[in-house]
2 protein chains.
Amino acid sequence: MKIYEKLRNELKKRHLRITSQREAVLSVFLENEGEHLTADEAYEKLSHKNSHISKATIYRTVDLLKEMGFLSKVNFGDGMERYEVKDLNTHQHHHLICTKCGQVYEIKEDLLEDVEKLIEERTGFKIQDHQLNFYGICPKCQASKNEEKNTEEAARHSIK
Amino acid sequence: MKIYEKLRNELKKRHLRITSQREAVLSVFLENEGEHLTADEAYEKLSHKNSHISKATIYRTVDLLKEMGFLSKVNFGDGMERYEVKDLNTHQHHHLICTKCGQVYEIKEDLLEDVEKLIEERTGFKIQDHQLNFYGICPKCQASKNEEKNTEEAARHSIK
DNA sequence: CTCGCTGCAAAGCCTTTGCATTCGC
DNA sequence: GCGAATGCAAAGGCTTTGCAGCGAG
């Protein structure tokens, strides 16, 4: 597959080693696109498969993959660092987060097409990245607002 | 001052108590607008003045002030929760963060004037808030990019 | 063979919580 | 005086780090 070659090339270029762990960590994010996994979630998913990779390695690897441009860090205000595959070929997207159940939806349009350039011109910054999150209540939670408390699962993901 | 009256009214409305700590915490954010203080920074600023308020109370109070709409939580990817005064009268603003020295600049324009409504219509979400951050290298850090490492202070604020 | 990478456990940091005491109302 | 708020210290949760052993090149 193309992206694993890219990974190997990038590692070689930096004189770093190609290890099964590095490929496995990238794979778990590829196989769960749109899920914005935390390090811990990636660890669980990997454990359920085959690979027993230590959490320390997961943390070190997501950091490296981010540095090499394969992952982006995203933050939904729930106190954990989350990562997603950075697809350089597609448009950027933004996130719409339900503050009640924690569900995250992606907004496909790139609303900031020309804004980065504008800001670079005005401020002299060299812009590398941006992150746009909308917070609100999803239709499902609006509907159930007066019913009993949502699931435990939801409560765990809710945002303060 | 107007905003302290608003605080007292809001507390009364919720049958909560008016305490010196609650006013002091709000005051430190008002006196340091544009600084995006963490709980710990607020604690330090308060200690240097007069008020000795425990950190636990700071945490509890910023949370309450956010719930009541006096503060907004902002996140710059540095692993700490930051808060700023939420000025309901002015336009929204966004943040431009230098990933090297951690300096934060504010972008005054509201770039998302109509976007929220559009998203509400399309998705059925009830949008409460949004957060837009740009990450890049500020002019100063671009200039000094080949010089020796920036200050310790800067390193502490840098974003991975 | 060498040096980078991993795994494990311990340590670090920020934040939350339990409980006795204090203090609005 | 009653119950909420505070302070202190301990606990919690996520992330980083030290170090011995393993494994890629």
Side-chain angles (χ1 to χ4, degrees), chain A residues 4 7-26 28 36-44 46-47 50-68 71 73-83 102 155-160, chain B residues 4 7-26 36-44 46-47 50-68 71 73-83 155-160:
Chain A
Y4 293 107
L7 173 61
R8 294 196 197 97
N9 290 338
E10 190 62 30
L11 288 169
K12 275 180 198 159
K13 202 167 79 183
R14 297 176 183 232
H15 306 292
L16 300 174
R17 290 179 180 168
I18 295 163
T19 65
S20 61
Q21 288 89 339
R22 285 174 178 167
E23 297 194 348
V25 171
L26 179 54
V28 80
H36 319 96
L37 304 178
T38 64
D40 193 67
E41 287 164 354
Y43 174 77
E44 289 301 327
L46 284 166
S47 298
N50 43 354
S51 326
H52 268 276
I53 299 179
S54 73
K55 265 187 204 170
T57 297
I58 309 258
Y59 278 104
R60 285 185 281 230
T61 305
V62 292
D63 215 56
L64 176 64
L65 291 173
K66 178 174 147 289
E67 231 52 59
M68 301 197 305
L71 299 180
K73 186 153 100 175
V74 291
N75 192 302
F76 298 151
D78 60 355
M80 279 169 293
E81 317 215 304
R82 295 175 175 279
Y83 294 85
R156 237 184 315 122
H157 289 120
S158 74
I159 315 264
K160 273 196 326 191
Chain B
Y4 292 106
L7 173 61
R8 293 196 198 96
N9 290 339
E10 191 62 31
L11 287 170
K12 275 179 199 159
K13 202 167 78 185
R14 297 175 182 234
H15 306 291
L16 300 174
R17 289 178 179 168
I18 295 163
T19 65
S20 61
Q21 287 90 337
R22 286 174 174 165
E23 297 195 346
V25 171
L26 179 55
H36 319 96
L37 303 179
T38 64
D40 193 66
E41 287 165 353
Y43 175 77
E44 288 301 326
L46 284 166
S47 298
N50 42 353
S51 327
H52 269 276
I53 299 178
S54 73
K55 267 187 203 169
T57 297
I58 309 261
Y59 278 103
R60 286 185 281 232
T61 305
V62 291
D63 215 57
L64 176 65
L65 291 174
K66 178 175 147 288
E67 231 52 57
M68 299 197 305
L71 298 181
K73 185 153 100 176
V74 290
N75 191 303
F76 298 151
D78 61 355
M80 279 169 293
E81 317 216 303
R82 295 175 175 279
Y83 295 85
R156 238 187 311 125
H157 289 118
S158 74
I159 317 264
K160 273 195 325 191

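None of the values given here were measured: they were computed from a predicted structure.
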The side chain of B:Ser54 is closest to which nucleotide in this list: D:dG7, C:dC25, C:dC8?
D:dG7

If you pin B:Ala56 and B:Lys12 to their nearest nucleotides in DNA chain C, which one's is more 5'?
B:Ala56

Can you work out whether A:Tyr59 or B:Lys55 has the more 5'-proximal nearest nucleotide on DNA chain D?
B:Lys55

Validation row: A:Glu23, A:Ile18 side chains within 4.5 angstrom (heavy atoms)
yes

Reckon B:Thr19 has a side-chain N or O less than 4.0 Å from the OP1 or OP2 of C:dC23?
no

How close or far is atom P of D:dT15 from atom OH of A:Tyr83, stated in whole angstroms?
7 Å

What is the distance, rounded to the nearest whole Å, between atom CD1 of B:Ile58 and atom C1' of C:dT15?
13 Å

Between C:dC13 atom C1' and B:Asp78 atom CG, what is the distance in whole Å?
12 Å

B:Glu41 CD to C:dT15 P, in whole Å, measures 10 Å

Nearest to the A:Arg17 side chain among C:dC3, D:dG7, C:dG7, which nucleotide is it?
C:dC3

In whole angstroms, the gap separating P of C:dT2 from CG of A:Leu16 amounts to 21 Å

Result for 5'-nearest mapping on DNA chain C, choosing between A:Thr61 and B:Arg82, is A:Thr61

Calculate the interatomic distance between B:Tyr43 atom OH and C:dC14 atom P; express it in whole Å.
14 Å

Just so I know, are the side chains of A:Leu64 and A:Leu11 near enough to count as touching, which here means a heavy-atom distance under 4.5 Å?
yes

Below 4.5 Å, heavy atoms only, C-beta onward: do B:Ile58 and B:Asp40 meet side chain to side chain?
no

Under 4.0 Å between any heavy atoms, over every strand shown, what does B:His15 touch: base, sugar-phosphate, or nothing? Just pick one.
nothing

Of the candidate nucleotides D:dT6, C:dC5, C:dT15, which contains the atom at the shortest distance from the side chain of B:Gln21?
D:dT6

Whole-Å distance, A:Leu11 CG to C:dC5 C1', equals 12 Å

What does A:Arg60 touch in the nucleic acid at a heavy-atom separation under 4.0 angstrom: a base, only the sugar-phosphate, or nothing?
base

Whole angstroms only, please: what is the CG-C1' distance between A:Asp40 and D:dG13?
10 Å

Within less than 4.0 Å of OP1 or OP2 of C:dG7, is there a side-chain N or O belonging to A:Thr57?
yes

Could you report the tightest heavy-atom contact between B:Gly77 and B:Ile159, atom names first, then the distance?
O-CG2, 3.7 Å

dist A:Leu7:CG -> A:Met68:CE (nearest 0.5 Å) comes out at 5.0 Å

